[in-house]
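Working notes, beginning with the structure itself.
We name chains A, B, ... by the order of the sequence lines, and we start the count at 1 in each one.
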Amino acid sequence: MSAAKRHRGQDGAGRASDGDGFVRSYYGEAGPGGRALMDEQRRRLPAFRHRLQLLYAVETHATTIVVGEPGCGKSTQLPQYLHEAGWAAAGKAIACTQPRRVAAAMLAQRVADEMGVELGTAVGYSVRFSDASDAQATRIKYLTDGTLIRECFADPLLSAYSVVMVDEAQDRSIATDMLLALLKKIQRKRRNDLRVVVSSATLDAERFRAFFGEEDSAIVSIAGQLHPVDTHYLAAPCENYLSATVDAVARIHEQEPPGDILAFLPGKDDILAAVSQIEEMAGGDGRLVALPMYAGLPPAEQKAVFDPAARGTRKVVFATSVAETSVTVDGVLYVVDCGLVKQRVLDLATGLDHLVTQPTSKSSARQRAGRAGRTQPGKVYRLYTREAFDSQLFPQHSTPEVCRLPLAPMVLACKALGIDNLVRFDYVQPPPPALLAHALAELAGLGALDAQTGALTPDFGLYLAELPLDPPLGACLLNSVRRFACAREAVAAVAMLSLGESPFVVPGGKRAEALEDRRDFAAQEGDVLTAVNVLVGYQDTPPRARAQWCRAHYLDARLLDQASRISRQLEAHLARIGYSRDALRSSCSGSDASRLQRCLASGLFANAARRDAADGTRYRMVRGGSVVDVHPSSVYFSAETRPEFVVFATAMVTTRAYMQGITAIDPKWLTELAPHYFSVS
DNA sequence: GAGCACTGC
């Protein structure tokens, strides 16, 4: 074994930190016979037939766009072809980015197996909290696109790489789009030797080619491995997509040959309703087993969808759009697609995020249909009419994230990389100017940008860009060190808030006990101080006893472990910025909780709300006046009295505008902390 | 009075 530093932690805790355990060898310890079998399998992949064509395109063009369906082998084979052709000689490496961490780790493991090397040596990966790569030894490196953007901070020309392959570019996440734009800029400015490979689903190829320039790019299509999928439409629009979905599933079960069913629904509520309706309908004869699948489902329950159905039974999985790309259920022969998806969209008028249910794109519908043809010819039942699908009701592509989400994190990262003019930046697709303006105003309000020049403030904005946090939370953290002497609590607070979900679990049947236990942690100052109490309690418990401690207190151990890791990573960042040890140890524990509250208000002031005078339960935003309600997960939901003024971490409009991560504040602080934002009245 | 699509540094 070489001296490669395998699986080293990045969080400064001095121990291996890739405790996720999501990397497993596909082939185990392959003997010589195993290698031969693997080579044979490699040659059977559709990508192999295009090997020379791909290498020629990369040789002769700055950018190659590779189009291929899932399973064609592009993600595992192309980096190996490039490696075999010598692109990783001369000390350079080949990078392959993925939108998701698990995919990066799994692909690296698979390619390491195929090449017969140990993961973390010639083949490695690097994602948040888990770095199994070696600066000297690693020749093929899988990363998340966010990680590669971070690498640009230290190495703006990505001089460590000869080729960067951006996989799953059709994802059109902010990170993917931003990375593509950066790569083009790097190529044009200073590195005409850098090769870019963009790997995409069919329909987007021309957009990427247009972006990189017709003359400098080539498209290579890899014919797919998918089987034909027979598409059925409704003759007339359905009244109710939920009952139509359940009916379609029941009819398939009665009339069609054996084979599992995957049914797409927009959200958790629909999914749970569908599961219970099928259970009632099936009458417990066990011949049709219904399972839920959505991202928020606990991992143990998620695993159930991967178990093959027992003999003589058929499995139906009701899933959100996670099952479109992130999660693959094997053995599906029938897909039922209601044609709807939930998407987050920022409403610029109120500044609130909305979760809207809307028709899928045509690309998504095709992607969903393809899930039925992975192992043999399948069928898809679309619960809308052919005419509707052909109409503009179903857009060609989904709206990319840069056109619908808050852009402050992207703007901050661009500024840190020296891209000053975000309006004229060469985007894959330009965001609406108002969305950009909103982000610039937010960052200026936090003090990250100079309000006049728009430049990153050297002693604040630059640090904010370094932190792996949303800008308002990053601002809380920096201010805790610089102004409020409560770094310890602020680290815990922002780590818990950046989880984005409540650590409290409510087990069915023990609801009352769980809610009662929650009171032990509840702080009258609100959800964030409550979350701090929880994380401190977790960290004060010896590691060996933590699982039991979490069970006893109805807490999600996985989330708290995650928060612990985030807090260690944040401490490492703060130390690197150069804050003194004493400043990082500062605490308001036991003395003055209001320091932490003020600190939170210093980053979240734009999310200030006041209890409505007429309706004593609801709130209104201090700026703008939008009505916001206390989310049922908040400690204030069941409280007898609610504070008059609060700041919240997030608000999402679903059936109502619900705020989460609420902290009581004194209104005086708002004008003190953000005089530019609030006028005194 | 009653609930969040999906990612990532």
Please tell me which of the listed nucleotides, [options], lies nearest to the side chain of [X]?
X	options	answer
A:V127	B:dC9, B:dG3, B:dC6	B:dC9
A:L355	B:dC9, B:dG3, B:dA5	B:dA5
A:T655	B:dC6, B:dG3, B:dA2	B:dG3
A:M652	B:dG3, B:dA5, B:dG8	B:dA5
A:D470	B:dG8, B:dG3, B:dA5	B:dG8
A:S326	B:dA2, B:dC9, B:dT7	B:dT7

Rounded off to whole Å, could you give me the [atom1]-to-[atom2] distance for the [X] and [N] pair?
X	N	atom1	atom2	answer
A:R565	B:dC9	CZ	P	11 Å
A:Q98	B:dC6	CD	C1'	16 Å
A:Q569	B:dC9	CD	C1'	7 Å
A:E324	B:dA5	CD	P	15 Å
A:D353	B:dG3	CG	P	18 Å
A:I271	B:dA5	CD1	P	8 Å
A:E401	B:dT7	CD	P	11 Å
A:L179	B:dT7	CG	P	20 Å

Would you say [N] has OP1 or OP2 under 4.0 Å from some side-chain N or O of [X]?
X	N	answer
A:T147	B:dC9	yes
A:S173	B:dG8	no
A:T144	B:dC9	yes
A:R100	B:dC6	no

Check your understanding: Can you tell me if A:Q569 and A:E571 form a side-chain donor-acceptor pair at under 3.5 Å?
Key ->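 Distance-only check fails for A:Q569 and A:E571.
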
Check your understanding: Can you list the residues that meet the side chain to side chain contact (heavy atoms under 4.5 Å, CB included) rule with A:T617, with sequence neighbours excluded?
Key ->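 In terms of side chain to side chain contact (heavy atoms under 4.5 Å, CB included), with neighbours along the sequence ignored, A:T617 is linked to A:D615, A:R642.
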
**Study point:** With A:L435 via side chain to side chain contact (heavy atoms under 4.5 Å, CB included) - residues at least two apart
**Key:**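 Applying side chain to side chain contact (heavy atoms under 4.5 Å, CB included) to A:L435 gives A:L346, A:L348, A:L407, A:P432.
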
Check your understanding: In Å and rounded to the nearest 0.5 Å, what is the CE to CG distance from A:M621 to A:L352?
Key -> 5.5 Å

Revision key, fill the gap. In this structure, CD of A:E501 is separated from CE of A:M496 (nearest 0.5 Å) by 10.5 Å

When we call it a touch if two heavy atoms are under 4.0 Å apart, what does [X] touch: a base, just sugar-phosphate, or nothing?
X	result
A:R344	base
A:A295	sugar-phosphate
A:L469	base
A:F637	base
A:S321	nothing

Review point. For A:Q524, does the CD atom have more than 12 heavy-atom neighbours from other residues, nucleotides or ligands under 6.0 Å away?
Key: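 No, because the 6.0 Å sphere around CD of A:Q524 holds 12 heavy atoms or fewer from other groups.
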
Revision key, fill the gap. Between A:L467 and A:T650, whichever has its closest DNA chain B nucleotide further toward 5' is A:T650

